[in-house]
Structures are given as structure tokens and as C-alpha cells.
Amino acid sequence: KLKKVKVVEKHPEDEEDFLTIEERLERRARLKAQGTINMEGEPEKYGALETWLSGPYFDFIVKWARVIVAGYALLFVGCATVAIVVLKPDNKPFSFFNDDHMVPMLGRIVRKKFDYTPMEGNEYLHLSFGLDKHDPWHRAEEEVHITTVFEDEFYYEKTPMRAKFDHSFDLFYNQEAYLTFCDSFLQQMITKGEATAGADQINWFSDFKQWSIAKGYAFPFTERDAFDAATDAWVDASSTEEHSFQKRREEIDEYEWYTFFGKKDDGRVYYTAYQFETSLPWVRAGHTNARMWEFYRNNQAALKAAQDASGLRGGVQTSDRYRQMVLSSYLTTSSFQSLGVSLAIAGLVFFAATLNWWLASLSFAFLLVVIAMVFAEMAFLGWKINMVEAIDITICGGLAVDFVLHMTHSFNHHSGLNVDRARSAMRDMGVSIAAGVVTTFCACFVLFFTQMTVFNLFGSFIAMVVCSGFIVTMT
């Protein structure tokens with residue numbers, strides 16, 4: 001018969017009686033990594049959450065580690081695809097207020113009650129000759145652009161929108177060519193589907209031609225002095241004369257803002273501009289950024305073809321909607337470029353904190369997963385890249401790196417097997433990371449209910465970053 005043997009439970013320190021000092025320290029370091037004792041050899045005490053994170057929860061993560069990693073790989077691909085396809089530049093100017101704020105509500109009330117709309121119809125182009133096509137707009141001390149003929153009209157920070165002119169242009173030598181350009185441009189726009197046959201063209205030179213013929217002048221003019229005198233006479237002619245400048249001003253409100261010319265003291269017309277109606281409808285919310293760029297490229301192609309047909313060079317076409325198109329594209333490009341720089345810095349920080357290229361690469365890969373998740377969440381919420389969203393994208397890398405870097409640094413400073421180091425990192429940093437998420441989310445939560453778009457979007461973005469970073473870091 002086997003004798004019953006009583007097993008006596010031994011404490012860790014009892015087993016150290018037969019070990020050298022070096023072996024004791026090595027053993028204690030291993031047991032500390034496992035969370036059994038501290039470096040003094042005393043049993044380590046942990047809180048309930050630390051015990052759960054480094055115990056049952058960690059065991060679950062280890063058991064399903066391969067599945068989790070594969071899931072994150074698929075999640076990254078899916079989120080990145082959604083972000084690339086859906087997250088696009090905004091097509092309307094940034095609004096500081098939500099739709100339910102008093103300011104937008106009053107605007108809707110006015111439009112509904114008084115049937116008022118600030119603008120209707122189609123988009124217009126402004127076509128000019130005599131500008132420096134390489135740098136048409138700049139801040140000059142003189143030579144004000146046609147759209148700011150009044151000196152007391154200012155825009156951003158009391159800075160007049162001015163034009164830079166190419167003084168080699170002379171309309172006297174291009175009278176027929178200019179009219180040919182106008183007709184050819186219309187045909188090109190019709191061919192490209194950007195205009196109709198009855199497109200409205202507010203063109204001072206067409207009015208001037210008809211007025212000149214009605215007055216008995218031979219058109220086109222063959223003498224500069226006669227051309228100079230006729231243009232002055234057209235401007236000063238009475239409003240009773242058909243096609244005169246004063247008559248057209250009565251027929252078209254702010255006629256001189258749509259079409260006019262610049263003239264030197266020697267009588268040379270060095271600048272001319274007119275307005276052209278396209279078939280692109282004016283939409284309050286704006287068209288998509290992609291459609292506006294298509295619109296711009298079609299207009300540029302029509303401009304080039306019309307110049308080739310007329311022999312003119314140096315034409316410039318502009319539209320009010322180009323400003324938002326260019327701004328949105330710039331914000332999108334610059335924000336992702338800044339994100340790329342921040343990610344490069346994050347990669348260097350990972351390596352500096354670990355001095356382990358494999359661990360740094362693994363951590364960087366999961367940082368990319370966090371960022372992809374955030375961008376996909378932005379896309380699902382219907383966000384478009386505007387001013388605030390561009391700032392969010394710029395700082396996303398710096399915010400998302402926080403939790404991942406903390407866990408990586410903690411793992412790197414523990415010794416033992418990888419699974420023991422990971423368990424210790426989870427035990428030491430898990431509670432701190434969870435507390436950081438809770439406090440940050442509570443701070444963002446109050447911003448969800450603000451009516452200022454800046455606060456609302458920024459609070460939502462920070463919440464998305466910390467929640468996504470927490471999920472990835474803790475798994």
C-alpha cells in the first residue's frame with residue numbers, strides 16, 4: 001500500500017535557502033515578471049482590476065492571439081478602404097455652427113418665410129485677358145482687379161483683392177480675335193457639356209461693338225486714337241443709347257462688376273474681362289470636390305481650344321467656387337502630409353524607446369490600425385475634410401501613439417519570456433490606460449452637445465482616437 005504523503009505548501013522564500021545571491025535575484029526577477037513576488041521577495045499585492053487584466057483577461061487574449069491578429073489585419077484593410085473611398089474633401093465652406101443653432105435656423109426661416117434665396121441659376125465664369133497667367137492675383141499697391149473697382153471694398157483683414165497684369169496685352173490689335181475667342185469658347189463649352197447654346201454672356205466688348213456700329217463707326221477700328229475716343233465715348237454715353245455702358249448698367253445690376261476693361265493713359269486697353277454662364281447649377285451645399293475639379297479642367301480645355309482658334313494667349317478663367325475647391329484640396333493634401341511626418345516621428349520614437357526594431361515595427365503596425373479605425377469612423381459619421389477635420393487628421397498620429405507607446409515601453413522594460421513580459425505590462429499599464437480613457441472620454445463627452453461645430457467635431461474626434469487606441473492596445 002502506498003503511504004499517504006502530506007504535501008506541505010512552500011513559500012517562495014523557502015525555496016531560496018539553497019540558492020546563491022545571484023540565483024535568488026534572477027529567480028525573484030522571474031517571479032516578479034509573473035506577478036508572484038516583488039524584488040524584496042514578498043508576495044505582490046494587486047488590485048482586483050490588475051488581477052483580472054493580468055489573469056483571466058490576459059489568458060483569453062493569449063488563447064485567441066492568432067485570431068485577434070488576423071482580425072486586425074482584415075480590420076486595417078477594411079477601414080483603410082472605407083476611408084480612401086468615403087472620406088473626401090468638403091464641398092462647402094466651413095460653418096462655425098451646427099444646423100440646429102440659432103444662426104442657421106434664422107437663415108432657413110428667412111428663406112422659407114420670405115421665399116428668399118441669395119443666389120439662383122447656374123455657376124458663372126470670369127474670363128480675363130491681360131493678367132499674368134502665372135501669377136494673376138497678388139497684393140499690389142495699385143492696379144486693382146475688376147472685382148474691386150471700389151477702393152472702399154475690402155475682404156480678408158482689409159486687404160484688397162488685387163490683380164497682377166501682363167502689360168503686353170493690347171486689345172486694339174486683337175479686336176476680332178477677342179470676339180472670335182468668345183464665340184469659340186461658347187462652342188467648346190457646349191461640346192464639353194458645360195454650357196448651353198443660350199448661355200448668358202455679359203461682355204462689355206460685344207456691347208461696345210454694337211454701340212459703335214449703331215453710332216456709325218467702322219468696326220474693327222483701324223486707328224488707335226479713334227478706338228481710344230470710342231471707348232471713352234461708350235462709357236460716357238447716355239443711358240438712352242442702346243448698348244451704351246450706362247444703358248447696360250440700368251439693365252444689369254452692377255454691370256461693371258461682371259465685365260469691364262482697364263485702360264492706360266496712352267489709351268491702350270491692357271485688360272478686358274467678361275462673365276460667362278455655365279450649365280453647372282448653383283447649389284447651396286456646393287458640388288463635390290471631384291465634380292468641381294472636372295468642371296475646372298473642362299473649362300481650362302475650352303479656354304485653350306478657344307485661344308488656339310483665335311490666336312490669343314494669356315487667358316485666365318476663374319469662378320467663385322474655385323476657392324472652396326482649392327482650399328478643400330489643399331487642406332486634404334497638407335493634412336495627410338503632416339500625418340505622414342508625424343508617423344515618421346512616431347516610428348523613430350518607438351525605436352528609441354525600445355531599441356528593438358522588431359518590437360518597434362510591431363507597435364507601429366498597430367498604430368496604423370488605430371489611425372485607420374479613426375478614419376473609417378469619420379467616414380461612417382459622414383464627415384468631410386474641412387478646416388477642423390484637416391486639423392484632426394494632422395494631430396491624429398500624435399494622439400493615437402500614446403497608449404500603444406506606453407504598453408510597448410512597459411513590455412520592453414520587463415524581463416523573462418515574452419508571454420510573462422506581456423502579462424506584466426498588461427498588469428502595470430492596463431489600469432493606467434483604462435483610467436486615461438475614462439477621464440479623456442468624460443472630458444470629450446460634454447463637447448458632444450455643443451452647438452459650435454469646432455468643439456463638437458474636436459470632442460468627437462478625441463473620443464474616437466482614445467477609444468480606438470484603447471481597444472487596440474488592450475488586445
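FYI, the numbering just counts along the sequence from 1.
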- Ignoring hydrogens and angles, tell me if any N or O in the side chain of Glu277 forms a donor-acceptor pair with the backbone of Asp200 under 3.5 Å. yes

- Can a donor-acceptor pair be found between the side chains of Asn386 and Ser328 at a distance below 3.5 Å? no

- Below 4.5 Å, heavy atoms only, C-beta onward: do Val431 and Leu53 meet side chain to side chain? yes

- Would you please test Ser363 and Leu359 for side chain to side chain contact (heavy atoms under 4.5 Å, CB included) and show each step? CA-CA 6 Å; Ser363 302; Leu359 182 58; 4.3 Å; yes

- Query: Can you check whether Ile252 reaches Tyr258 side chain to side chain, under 4.5 Å on heavy atoms?
  - Reply: yes

- Item | Between Tyr296 and Tyr322, ring centroids under 6.0 Å | yes

- Message: Please tell me whether Phe60 and Tyr57 form a close aromatic pair, meaning their ring centres lie under 6.0 Å apart.
- Response: no

- Task: Give the intermediate values and the outcome of side chain to side chain contact (heavy atoms under 4.5 Å, CB included) for residues Met429 and Phe403.
- Result: CA-CA 9 Å; Met429 293 303 304; Phe403 294 154; over 6 Å; no

- Message: Measuring only between side-chain heavy atoms, which start at C-beta, is Leu343 closer than 4.5 Å to Leu368?
- Response: yes

- Task: Identify the heavy atoms of Ser329 and Asn289 that sit nearest to each other, and give their distance.
- Result: OG-OD1, 3.1 Å

- Item | Between Gln317 and Gln300, a side-chain donor and acceptor under 3.5 Å | yes

- Any Lys/Arg nitrogen of Lys304 or Asp308 sitting under 4.0 Å from an Asp/Glu carboxylate oxygen of the other? yes

- Task: Taking the side chain as every heavy atom from C-beta outward, state whether Phe449 and Asn456 have any atom pair closer than 4.5 Å.
- Result: no

- Task: Output yes when Arg297 and Glu294 qualify as a salt bridge under the 4.0 Å nitrogen-oxygen rule, no when they do not.
- Result: no

- Message: Applying side chain to side chain contact (heavy atoms under 4.5 Å, CB included) to Thr288 and Lys88, what does each step give before you reach the verdict?
- Response: CA-CA 9 Å; Thr288 63; Lys88 298 294 183 181; over 6 Å; no

- Item | Main-chain N/O of Thr354 paired with Asn412 side-chain donor or acceptor, under 3.5 Å | yes

- Item | Heavy-atom closest pair, residues Met464 and Val374 | O-CG2, 3.9 Å

- Note: Arg423-Glu50 ion pair, threshold 4.0 Å (strictly below): no

- Note on the structure: Looking only at heavy atoms, the pair that brings Ser342 and Gly397 closest together is OG-CA, 3.9 Å

- Message: Run His414 and Asp420 through side chain to side chain contact (heavy atoms under 4.5 Å, CB included) and show every step you take.
- Response: CA-CA 8 Å; His414 285 288; Asp420 295 330; over 6 Å; no

- Message: For a quick test of reading the model, state the closest non-hydrogen atom pair linking Ser54 to Arg427 and the distance between them.
- Response: CB-CB, 3.5 Å

- Residue pair Trp383 / Ser460, side-chain donor-acceptor N/O under 3.5 Å: no

- Query: When you measure from the side chain of Gln307 to the backbone N and O of Gly315, does any donor-acceptor pair fall under 3.5 Å?
  - Reply: yes

- Task: To the nearest 0.5 Å, tell me how far Met378 CE sits from Asp392 CG.
- Result: 6.0 Å

- For the residue pair Leu186 and Ile190, establish whether any side-chain heavy-atom pair is separated by less than 4.5 Å. yes

- With distance as the sole test, does Thr439 use its side chain to make a donor-acceptor pair with the main-chain N or O of Gly436 at under 3.5 Å? yes

- Please tell me if the side chains of Leu127 and Val316 come closer than 4.5 Å, counting only heavy atoms from C-beta onward. no

- Message: Return the OG to CD1 distance between Ser334 and Ile385, rounded to the nearest 0.5 Å.
- Response: 9.5 Å

- Which residue, Phe181, Tyr271, Phe185, Tyr274, forms the ring-ring contact (aromatic ring centres under 6.0 Å, His included) with Phe129? Phe181

- Of all heavy-atom pairs linking Ala80 and Ala372, the shortest is N-CB, 4.2 Å

- Query: Side chains of Leu125 and Gln275: does their closest heavy-atom pair fall under 4.5 Å?
  - Reply: no

- Message: Using only atom types and a distance under 3.5 Å, with no angle test, would you say the side chain of Thr394 pairs donor to acceptor with the backbone of Ser338?
- Response: no

- Note on the structure: dist Ser319:OG -> Met325:CE (nearest 0.5 Å) comes out at 8.0 Å

- Message: Main chain of Gly193, side chain of Ser279: is a donor-acceptor contact present, judged purely on distance under 3.5 Å?
- Response: yes

- Message: Measuring centre to centre across the rings, with the benzene-like ring taken for any Trp, is Phe375 within less than 6.0 Å of Phe336?
- Response: yes

- Query: Between atom CZ of Phe276 and atom CG of Asn203, what is the distance when rounded to the nearest 0.5 Å?
  - Reply: 11.0 Å

- Nearest heavy-atom neighbours spanning Ser415 and Arg421: O-CG, 3.5 Å

- Task: Report the distance from atom CG of Asp90 to atom CD of Glu389, rounding to the nearest 0.5 Å.
- Result: 6.5 Å

- Query: Under 3.5 Å, side chain of Ser335 to main-chain N/O of Thr332, donor-acceptor pair present?
  - Reply: yes

- Query: How about Phe366 and Thr473: do any of their side-chain heavy atoms sit closer than 4.5 Å?
  - Reply: no

- Note on the structure: One should read off an interatomic distance between Thr259 OG1 and His126 NE2, to the nearest 0.5 angstrom, of 7.5 Å

- Is the backbone of Tyr330 close enough, under 3.5 Å, to the side chain of Thr333 for a donor and an acceptor to pair up by distance? no

